[in-house]
Colleague: 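This structure is in structure tokens; I'll ask about it shortly.
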Amino acid sequence: MRTKPGRLLPRRAALGTFLAAGMSPLVSASCESQPQYPPRTTMPPGPALRRPETPEDALRRIQEGNQRFVAGTPLHPNQTLELRQQLAGSQQPFAAVLGCSDSRTSPELAIDAGIGDLFVCRVAGNIATPSDTASLLYAQAVLGTDVVLVLGHDNCGAVKAAIEVADGKASPGEFAPLTDPIQPAVAEARRTGATGETLLHEAVGANVRLVVASLPTMSAGLAQAMRADKLTIHGGVLTLSTGKIDLVS
């Protein structure tokens with residue numbers, strides 16, 4: 001189709017020209033301009049790791065897995081087809097994690113865990129809601145979980161929002177169910193005299209500690225399991241840039 005100089009082909013006419021020439025307009029550009037990717041390979045499944053037998057062993061497994069994640073040498077354990085089939089009828093996770101919903105903080109990756117290893121509850125700000133607390137109790141009482149890890153992370157958006165609400169810079173609105181439970185942590189962090197980014201850092205740690213302390217008060221079942229030495233509850237903060245989980249006390 002001929003056109004006047006300086007005019008573009010109408011869209012339908014241009015498409016017809018491409019198709020008449022046996023070309024797709026999506027691939028008409030030179031292949032040399034397209035990125036070249038290496039052939040896709042299938043990674044072999046990682047080793048099978050036995051379930052820890054005690055709460056102390058379970059915490060050690062978490063720490064060792066995180067060390068591998070930080071070093072960039074994950075084992076990707078317990079991910080075989082056979083194991084997947086074996087676990088189809090039952091599960092016995094060695095740890096439960098109450099973590100933040102942040103897309104950069106997947107517990108399975110940060111702890112280098114596999115299928116059936118972790119019972120995970122995630123909510124923005126890693127707050128202890130009644131439903132999450134009941135889920136953690138289910139993990140311990142029914143599934144036999146030995147350790148609970150409350151996992152926060154630096155630069156948490158939910159904690160940052162709670163600080164802005166406390167400062168009067170924002171209205172909680174529909175986010176109140178997330179920011180209200182974090183206000184005690186913000187208040188505790190302020191008592192250190194911290195401001196700015198330091199305040200956010202301190203509030204993240206305080207939020208984790210307060211959630212750890214609140215779980216046995218919210219659930220008599222969790223408290224009983226702790227008294228019977230069947231369960232331990234720990235808190236940790238994950239640094240996004242390194243992936244390292246530091247336990248908090």
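We use all heavy atoms of the structure for the numbers below, so side chains are in, but hydrogens, waters and symmetry mates are not. Note that the structure is predicted; figures quoted are calculated from it, not measured.
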Colleague: Please, which pairs that meet salt bridge (charged side-chain N to carboxylate O under 4.0 Å, His left out) have at least one residue in residues 131-140, sequence neighbours excluded?
Modeller: none
Colleague: side-chain hydrogen bond (donor to acceptor under 3.5 Å, both in side chains): which pairs involve residues 141-170, sequence neighbours left out?
Modeller: Arg51-Asp146, Asn155-Lys160, Asp167-Arg190
Colleague: What are the two closest non-hydrogen atoms of Pro55 and Asp229, and how far apart are they?
Modeller: CG-O, 4.0 Å
Colleague: Which residues pass the side chain to side chain contact (heavy atoms under 4.5 Å, CB included) test with His234, not counting sequence neighbours?
Modeller: Leu59, Val147, Leu149, Thr232
Colleague: Rounded to the nearest 0.5 Å, how far does CD of Gln140 lie from CG of Leu231?
Modeller: 5.5 Å
Colleague: Any side-chain heavy atom of Leu240 sitting closer than 4.5 Å to one from Leu238?
Modeller: yes
Colleague: What heavy-atom pair brings Ala189 and Leu199 nearest, and what distance separates the two atoms?
Modeller: CB-CD1, 3.7 Å
Colleague: So, does Asp112 use its side chain to make a donor-acceptor pair with the main chain of Asn66 at under 3.5 Å?
Modeller: no
Colleague: According to side chain to side chain contact (heavy atoms under 4.5 Å, CB included), who are the partners of Ser171, at least two apart in sequence or on a separate chain?
Modeller: none
Colleague: Applying side-chain contact (heavy atoms from CB on, under 4.5 Å) to Ile182 and Leu210, what does each step give before you reach the verdict?
Modeller: CA-CA 9 Å; Ile182 302 176; Leu210 290 177; over 6 Å; no
Colleague: Please collect all salt bridge (charged side-chain N to carboxylate O under 4.0 Å, His left out) contacts where either partner lies in residues 116-126, sequence neighbours excluded, each pair once.
Modeller: none
Colleague: Between CG of Leu178 and CG of Asn126, what distance do you get to the nearest 0.5 Å?
Modeller: 10.5 Å
Colleague: First locate atom CD of Gln224, then atom CG of Leu137, and finally report the distance between them rounded to the nearest 0.5 Å.
Modeller: 9.5 Å
Colleague: For Gln63, I'd like to know if atom CD has over 12 heavy atoms of other residues, nucleotides or ligands within 6.0 Å.
Modeller: yes
Colleague: Please name the pair of heavy atoms, one in Pro52 and one in Arg61, separated by the smallest distance, quoted to 0.1 Å.
Modeller: CD-NH2, 3.6 Å
Colleague: Quick one: pull up SG in Cys121 and CG in Leu151 and give me the separation to the nearest 0.5 Å.
Modeller: 12.5 Å
Colleague: Start with the C-alpha gap between Ile245 and Ile111, add the side-chain angles, then the distance that decides, and say whether side-chain contact (heavy atoms from CB on, under 4.5 Å) holds.
Modeller: CA-CA 9 Å; Ile245 296 174; Ile111 299 174; 4.3 Å; yes
Colleague: Between Asp102 and Cys156, is there a donor-acceptor pair closer than 3.5 Å when you use the side chain of the first and the backbone of the second?
Modeller: no
Colleague: Name all residues meeting the side chain to side chain contact (heavy atoms under 4.5 Å, CB included) criterion together with Gln67; count only those two or more places apart in sequence or in a different chain, and write none if there are none.
Modeller: none
Colleague: For Val186 and Val165, what are the C-alpha separation, side-chain angles and deciding distance, and is it a side-chain contact (heavy atoms from CB on, under 4.5 Å)?
Modeller: CA-CA 10 Å; Val186 175; Val165 170; over 6 Å; no
Colleague: With side chains defined as the heavy atoms from C-beta onward, is the minimum distance between Ser219 and Leu136 less than 4.5 Å?
Modeller: no
Colleague: For Ala128 versus Thr133, what's the shortest heavy-atom pair and its separation?
Modeller: CB-OG1, 4.0 Å
Colleague: Could you tell me the separation between the CZ atom of Phe94 and the CG atom of Leu118, rounded to the nearest 0.5 Å?
Modeller: 5.0 Å
Colleague: Return the CD1 to CD distance between Ile115 and Glu108, rounded to the nearest 0.5 Å.
Modeller: 11.0 Å
Colleague: Where is the tightest heavy-atom contact between Ala194 and Thr198, given as atom of each residue plus distance?
Modeller: CB-CG2, 3.7 Å
